[in-house]
Structures are given as structure tokens and as C-alpha cells.
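Below is one structure, written out as C-alpha cells; the observations come after it.
Computed from a predicted structure; not experimentally measured.
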Amino acid sequence: MSAPVTSPDAGALRQGGTIDVEQFSFWYGKTQALFDIDLAIAPREVTALIGPSGCGKSTFLRSINRLNELIPGARRTGVIRLDGEDIYQKGMDVVTLRQRVGMVFQRWNPFPKSIYDNVAYGPRINARPRPADLDVIVESSLRRAALWDEVKDRLGASALALSGGQQQRLCIARALANDPEVLLLDEPASALDPIATQKVEELVYELKRELTIVIVTHNLQQAARISDRTAFFYLGKLIEVGGTQRLFTSPSEERTEAYITGRFG
Amino acid sequence: MTFPSPDSTPPRPSTPEARAFPTISLGLPSTAATRQGPARRMPSIEGSVLADRIYRLALLFFALCVPALLLLIFIEVGRAGWPALHEFGFRFLTSSTWDPVKGDFGAAPAIVGTLLTSFIALVIATPLALGAAIFLSEFSPSWLRQPVSFFIDLLAAVPSVVYGLWAVFFLLPLMRTGVMPFLRDTLHLGATPFFSGPAYGPSVLSAGMILAIMILPYIAAVSREVLLAVPRAQREAALALGATRWEAITGAVIPYARTGILGGVILGLGRALGETMAVTMVIGNRHEISASLFAPGYTMASLIANEFSEATTDIHISALMAVGFVLFVITLVVNGIARWMVSRMGAEVHA
Ligand SMILES: Nc1ncnc2c1ncn2[C@@H]1O[C@H](COP(=O)(O)OP(=O)(O)OP(=O)(O)O)[C@@H](O)[C@H]1O
Ligand SMILES: [Mg+2]
């Protein structure tokens, strides 16, 4: 799979983006959603999280950028390290963390602003670059998200006028504008048509050269196509993790096999 | 790469489309349809078309009633005010003379008073109401949200005359001894013409204050609902990009809700323009334009309320009707402008 994506050298030299999860558990009030997760995510790889609905994939993903802690009653134990640094430690700046760990949601959620302002949102609140630099950031982010050619003549137009697939790629560009080390994708293509889905997949494939990607997907073929490693979650537990090809062809756990052969879930 | 599993994206039964299907098939039981054939089903479909047409006509009638009523009021009030408008012409809008004895009428002070008090009310109430709404929708713990929201809603239900009484016994003394001297002397705003002169209490400023209190619950209630309706995805999008909570509110939540918030402000403005009783009790009812907000004034609504029962000459009654007509037109124009702003905002966002 090769996509004609122009990707500047942004991030090519960077080494960061390693995620280490140790004995991580998570509760929504009294219900435990994650049980003692141990997982190492290597930089510049695509890690797919699969598992039946409600098994805690999103919860896990949203623990990596601490988006979950805003939910009243949320509680966690265990450690998640980003490049060796405990992201839950005291003194960790959540704002900086979320710049380093970008996220794209299942349902595209551009702001009701212009295309330009959407992409510029992150840099404007974080780095506050000069306008000329901002133009450069916006263009390169849109290029990295393979959207530039489609929108370059109407950067001032409302983002909501774009098609669903374009809006989703705009959300990816918006996340990339912060120049993150890690990109979390929560079912980014589940609401898209096949062609738009393919574009997103090609994009993921391109982007993994520059950053760490963790993607939740219900589409097993998609996981097989684009990921290097796959982690199978079931009822809040990490059942099995391994190289994607190995996991899909010879799963070592019976529950993994049952899931990927479609016997449940 | 080949893999054993087919595309096993599990169907999501919780989507509305998925749930809609059984309901639709319930309406047309397939067994009955196949047994009876199309001939039996025709009448019922035709019947439903007829019912549909009647239903639509009825709704159309009700819908047309509202503009018709509006038009009727417009014509009636306009006709009653016509003699005065005709006699005084444009001077009716610009002159400050209001002399029932000589029969010379100009409504400028009342027009200015109405616009000015409403403006003051908006300036004071909008930030307060927005602040309350943001607190309630974003920061308030849930045990506090319910009771506070309830009291805000209750505030909207207090009769206008009760506000007026409260203002006479509480607000006016407070203005006279506290607020006005503070503005004039402590803040040295007395150097400007707008906050100079003696602090009697009854004044344009006091009227603006009471109006602000009266429209605050409307703006706050609407804004709160609109803010609560902002999708969680919008908030999370901003937060996930590294926005602080406050940045997410100002940069993502409020812009998303601004059309609705503006709607709330318009609702408040509409109420302020037409409010009569409470204003009449605190504005001082003097037919004069003064630069100072400390001076008494008049509004169109209170002018009509005060004089209508005592008006004896035809031209006096006609002048009051003309004031009503002007108020009506101003309200329409203000609402029209506001509506246009809302639709432009909406178009800008959703185009
Ligand atoms: N905000 C919340 N409050 C309480 N419980 C929650 C909340 N969000 C998720 N849960 C619960 O946590 C569990 C895991 O949910 P999560 O959304 O992580 O699953 P998921 O694997 O992403 O599912 P899906 O594939 O449907 O997206 C579920 O049982 C869910 O009901
Ligand atoms: Mg999920």
C-alpha cells in the first residue's frame, strides 16, 4: 500500500513515543473497566486494540492522554509511562501531555470554525507561533493528513462543509498540528465509507514513520492491514498481545481465536 | 497477507436506524399484506393521504393565524395612532414636548428611555447571566446545579409588580445611598456627564438595573441549556488538543453555543423593551432627555401605562397609540436584526 503523501521531516529524527503500561487498572465509580493491564507500545509502530464492545479499549486509549480523569468518580491504579516518565505523577502537566499525545475520535468532531482555524487551534493555544509560522504549520499538517490538495483553495471555509472522510482527516491534521509523538485513534474509520476508510488507513500507514500510533478498531481486517502489533482486550483485561500476523494466524489464547474467527463479539 | 477472519465488524444494534426498523415493519404486518394484496390496502392509504391533507391544512391555518394576528394589531394600533403621527409628523419622534393641555406631543424622551434602559439592562445582565450559565453547566457540582437552576427559573416567574415593589423599597435606597455615590464620587465618574447630578434614586440607571435583574434569568436559563447541549465531543476535542478547561470553554464550547446564547439575549432584550410595571415604579416618569443616567426618565411602555386611563382628548389618546405603534415597530426591528444576526451566525458555522 503506497499513498502519495508528502510528509515533511517533522518528527523523523525524534526518538520519543514509547509507552509503557504497568499493572494499570481503571474504575468508573464502582465498576472496574480495566484490570491490571501490562503493555509495552513501541515507537513508530501501529498498535491495534481489538476486542468486543465494552471491553475497555476506549477507556485504555483515553487513559494514555488522561482524558478519562475528567469523568466524575473515575479512579485508577498502576503506571503509564511516556518515554520513561510517569504520566500520572504529581507535577505532570496534562496540557503538555495532551500536546504530545494527540487523539482522534470515532465521530469526527471539527469545531464549527474554518478549516484553517481548526488546524490552528492547537498551536494557537499551546505554542502561540507567529502568524507566518502558523501558516506553515497549518499547511504541513494538512499535507501530512493528505488533505491539503483538497482544501488549499478554501481554507477559510467552514470545516463542517467538508465530507465526513475529509472532516475526519481534518481532525487528524488538527491533532498533527501540535506535532505529537503519539497519535491515539479511537475507531477513526468506523463511520466512514470504504473509500474514505482506505484513505485513513493509508494515512496511518504513512504516519507511522513519524510517530507512535495506537488505533482502536472493530474491523479485524483493518487491524490486520495496518497494524504491526495487535492487543486483544476482553472484559477489561488484556488477553493477548503480539505481532499482528502471528496473533491473527496462530493466536495462543483460545478467547483470542474465538474472537478473530467470529465465534463471539 | 491473508487472515482467517471475515470482516467481522459487529453490528451495532443501538444505532437509531437499527432500532427504527422493527417499528416500521410493525406498522405493515407482512402476513396481512401478502394475504390481502394491494386492492385491500388501497383505501387505507388513500384515507391516510386525505387525513394527511386535512391535518396539513389545519396546521397551515394555525400557522397563518399568528402573522395574521400580528398584522391585525399592527394595522389597528397604526390606525389609532395615525392622527397624531399625521399631525406631528417626523417631529413626533424627535420632539421632547409632551403637553396634553396644549395638545403638543413628541415622544423622543420615551423612545430614548426605552432604548437606553434596555441597553443598560443588557450590558449588566448578559455577562452575569453568562457567568452563571457557564458555572452551572461547566463547573457546578451536580448537587448544586439542580437547586440553583430551579431558583433561576423561579426568578423568571416573579410578577413584574413584585419586582417593582422590591425595587422601590430596596433597590432605590441602595442606589441612592450606595451605588450612585460610589459611581459618581468614589470612581470619579461624576466628571463625565453620564454619572453626574443629584442621586435621587428614581432614574434611568435604576430602571436599567431592575430590568437587568428581570431579564437575567431568561438569558441565564437559555444559555445554560444551550451550553449543556454542546456535544461532549466538542469539549473533548479541545481538551485532547491540550486546551485547559477554561480554554476549552472559551474556545470551543461557547463558540459552538453562541447562536443559542444570542437567542437568549434577544429574548431578554424583547422582555426589557416591553417591560412596563417595574420600570414605571422606578424610572421617575419625567418626560425629558438627560445625559445623566442619574436623572429620571420615561419609557414608551410606562408612558402609555401612566397616561392612558387619564387621557381625555382625542389627540392625546391618538398620541399614546402612536407611541405604542412606535414601540411595536422598534420591537419588530430589533427582533428582525437579532434574527438576522442569528441566522448569519448559523450560516457561517454550518454552511
Ligand atoms: N463515562 C463512563 N461512565 C461509566 N462507565 C463507563 C463510562 N465509559 C465507559 N464505561 C464502561 O466501561 C466499560 C468499557 O467501556 P469502553 O468505552 O472503554 O469500551 P470499548 O471497548 O471502547 O467499547 P466500544 O467498542 O463499544 O467502543 C464499559 O462497560 C462501559 O459501560
Ligand atoms: Mg470505544
Open item on the list: Please find the pair of heavy atoms, one from A/Lys113 and one from B/Pro255, that lie closest to each other, and give the distance.
Closed with: NZ-CG, 4.4 Å
Open item on the list: Measuring from atom CZ of A/Arg98 to atom OG1 of B/Thr244, what distance do you get when rounded to the nearest 0.5 angstrom?
Closed with: 10.0 Å
Open item on the list: Under 4.5 Å from any heavy atom of chain B, what part of A/Ile125 do you find: side chain, backbone, both or neither?
Closed with: both
Task: Heavy atoms of other groups near B/Gln146 CD, more than 12 under 6.0 Å - done: no
Open item on the list: Quick check on A/Val101 against chain B: is it the side chain, the backbone, both or neither that has a heavy atom closer than 4.5 Å?
Closed with: backbone
Open item on the list: For a quick test of reading the model, state the closest non-hydrogen atom pair linking B/Ala240 to A/Met103 and the distance between them.
Closed with: CB-CB, 4.1 Å
Task: With sequence neighbours excluded, residues passing side chain to side chain contact (heavy atoms under 4.5 Å, CB included) with B/Phe119 - done: B/Val123
TODO: Find the one option among B/Pro141, B/Ser142, B/Ala252, B/Ala238 whose heavy-atom pairs under 4.5 Å with chain A are most numerous.
DONE: B/Ala238
TODO: Check the surroundings of atom CD1 in A/Ile195: do more than 12 heavy atoms from other residues, nucleotides or ligands lie under 6.0 Å from it?
DONE: no
- [ ] Hey, could you give me the CG/CD distance between A/Asn65 and B/Glu236, rounded to the nearest 0.5 Å?
- [x] 9.0 Å
TODO: Tell me, for A/Leu70 versus chain B, whether the close heavy atoms (under 4.5 Å) come from the side chain, the backbone, both or neither.
DONE: side chain
Task: Residue B/Arg339 excluded, over 12 heavy atoms near CZ under 6.0 Å - done: no
Task: Residue part contacting chain A, namely of B/Arg232, when any heavy atom lies under 4.5 Å - done: side chain
Open item on the list: Check whether A/Asn178 reaches the backbone of B/Leu241 with its side chain - one donor and one acceptor, N or O, closer than 3.5 Å.
Closed with: yes
Task: Nearest heavy atoms of A/Arg174 and B/Ala237, plus distance in Å - done: NH2-CB, 3.4 Å
- [ ] For residues B/Glu247 and A/Tyr121, report the shortest heavy-atom separation together with the two atoms involved.
- [x] O-OH, 3.4 Å
TODO: Under 4.5 Å heavy-atom distance to chain B, tell me which part of A/Pro110 shows up: side chain, backbone, both or neither.
DONE: backbone
